[in-house]
Amino acid sequence: MAYASSLDAIGCFGSSVADTGILLHAIAGHDRFDATSSKQEVPNFLSHFDSASSFESKPLKGLRVGLIRETIEDGVEAGVVSTIRAAASHFEELGCTVNEVSLPPFSLGLPAYYILALSESSSNLSRYDGIRYGNQVYAEELGSLYGDSRAKGLGSEVKMRILMGTYALSAGYYDAYYKRAQQVRTIIRNSFKEALDQYDILISPAAPSAAYKIGEKKNDPLAMYAGDIMTVNVNLAGLPALVLPCGFIENGTAGLPVGLQMIGAAFHEGELLRVGHIFEQTLENGRFVPPIVADSVE
């Protein structure tokens, strides 16, 4: 179902970059039943997956890589920063030029994203009233039918997001929240465009921490929302991104992985897949199995 129409995008998961590219190639393209899909021609993503034996000594020579400075500063675990810097060094070994690039509006993305996403979800989910869509609860009166159907058919997190989105769109608060968030979105989009005019791809951690245990932060929703700070800007700017594991935090939470995010210009998915594939195939000790699992198997 639609959550936030201007932000929603299908995320492809795979056991390798090549697998992900195969899936993306199968689903990409215009869908006449989807108003948010692009009519741009889909290139052959599968042509980017050469075997590692055919790589040159510097297979990414000349590629300009920008490491987003704001993603490796305060608030990011030290182990994540060192792992991402190691990934940047690997890019240099592959022939890339790597420099830090500043995107000052980056930190504004998280609050802007949640205002826009919750506002759009409030609108999209209004159709689940027990009459047209969704769970229906028997009631004698229409008002009770609507209220009980939504109360019992939607979970607590969904209801909280609907309430917050409705508040942001309400009279007297629209300009202060929704309109301002849209303005911030434009600023973020422009800052990414300027950076991608100078660099071929941008890199950052996928999250400010390594992966955490299931349920570890369920009682701290703000901490969970903050975990999205590295990725929501990509949706706001309308850009493609690829995330792949680049190592583990030593002595960290059971050796759980650190994700590397690669961001490219709009409709440059093919270039991201090519770079990600080469990075993945050439990274030393690139077997992405948590140490605690590998040790138990061996």
To the closest 0.5 Å, what do you measure between [atom1] ([X]) and [atom2] ([Y])?
| X | Y | atom1 | atom2 | result |
| --- | --- | --- | --- | --- |
| L273 | I22 | CG | CD1 | 10.5 Å |
| N233 | I188 | CG | CD1 | 4.5 Å |
| L7 | T36 | CG | OG1 | 11.0 Å |
| L118 | T166 | CG | OG1 | 9.5 Å |
| L239 | K193 | CG | NZ | 11.0 Å |
| E141 | D148 | CD | CG | 10.5 Å |

Heavy-atom side-chain contact between [X] and [Y] under 4.5 Å:
| X | Y | value |
| --- | --- | --- |
| Y199 | L202 | yes |
| I249 | E77 | yes |
| L94 | F55 | no |
| L125 | L154 | no |
| I229 | P208 | yes |
| Q261 | L242 | no |
| C246 | F279 | yes |
| K58 | L60 | no |

* To do: Quick one: do N99 and V101 satisfy side chain to side chain contact (heavy atoms under 4.5 Å, CB included)? Show the steps, please.
  => CA-CA 6 Å; N99 293 301; V101 57; over 6 Å; no
Distance only, no hydrogens: is a donor on one side chain within 3.5 Å (strictly under) of an acceptor on the other, for [X] and [Y]?
| X | Y | result |
| --- | --- | --- |
| D50 | S54 | no |
| Y138 | E140 | yes |
| S38 | H30 | no |
| E120 | S5 | no |
| E70 | S107 | no |
| E271 | H268 | no |
| S6 | R185 | yes |

Say whether, by atom type as modelled, one donor and one acceptor occur between the side chain of [X] and the main chain of [Y] under 3.5 angstrom.
| X | Y | value |
| --- | --- | --- |
| Q136 | G130 | yes |
| S149 | Y146 | no |
| D200 | L63 | no |
| S16 | D19 | yes |
| R127 | N124 | yes |

Taking all atoms of both residues into account, what is the closest heavy-atom pair of [X] and [Y], and its distance?
| X | Y | value |
| --- | --- | --- |
| A195 | L103 | CB-CD1, 4.0 Å |
| G29 | S37 | O-CB, 4.2 Å |
| A210 | V258 | CB-CG2, 4.5 Å |
| A112 | V184 | CB-CG1, 3.7 Å |
| I263 | F192 | CD1-CE2, 4.0 Å |
| V80 | A207 | CG1-O, 3.9 Å |

Does [X] have more than 12 heavy atoms from other residues, nucleotides or ligands lying within 6.0 Å of its [atom1]?
| X | atom1 | result |
| --- | --- | --- |
| I27 | CD1 | yes |
| K159 | NZ | yes |
| Y133 | OH | no |
| R189 | CZ | yes |
| F91 | CZ | yes |

Is there a path of hydrophobic side-chain contacts, each under 4.5 Å between heavy atoms of I, L, V, M, F, W or Y residues, that connects [X] with [Y]?
| X | Y | value |
| --- | --- | --- |
| Y114 | Y174 | yes |
| Y3 | I115 | no |
| L46 | F267 | no |

* Asked: Is there a side chain to side chain contact (heavy atoms under 4.5 Å, CB included) between I131 and L145 once you walk through the steps?
  -> CA-CA 9 Å; I131 301 295; L145 172 61; 3.2 Å; yes
* After noting the C-alpha distance and the side-chain angles of L256 and F248, does the key distance pass the side chain to side chain contact (heavy atoms under 4.5 Å, CB included) rule? -> CA-CA 6 Å; L256 289 169; F248 299 90; 5.6 Å; no
* Name the orientation class of the two ring planes belonging to F45 and H25 (parallel below 30°, tilted from 30 to 60°, perpendicular beyond 60°). => perpendicular
* Asked: With R161, which residues qualify under salt bridge (charged side-chain N to carboxylate O under 4.0 Å, His left out), at least two apart?
  -> E157
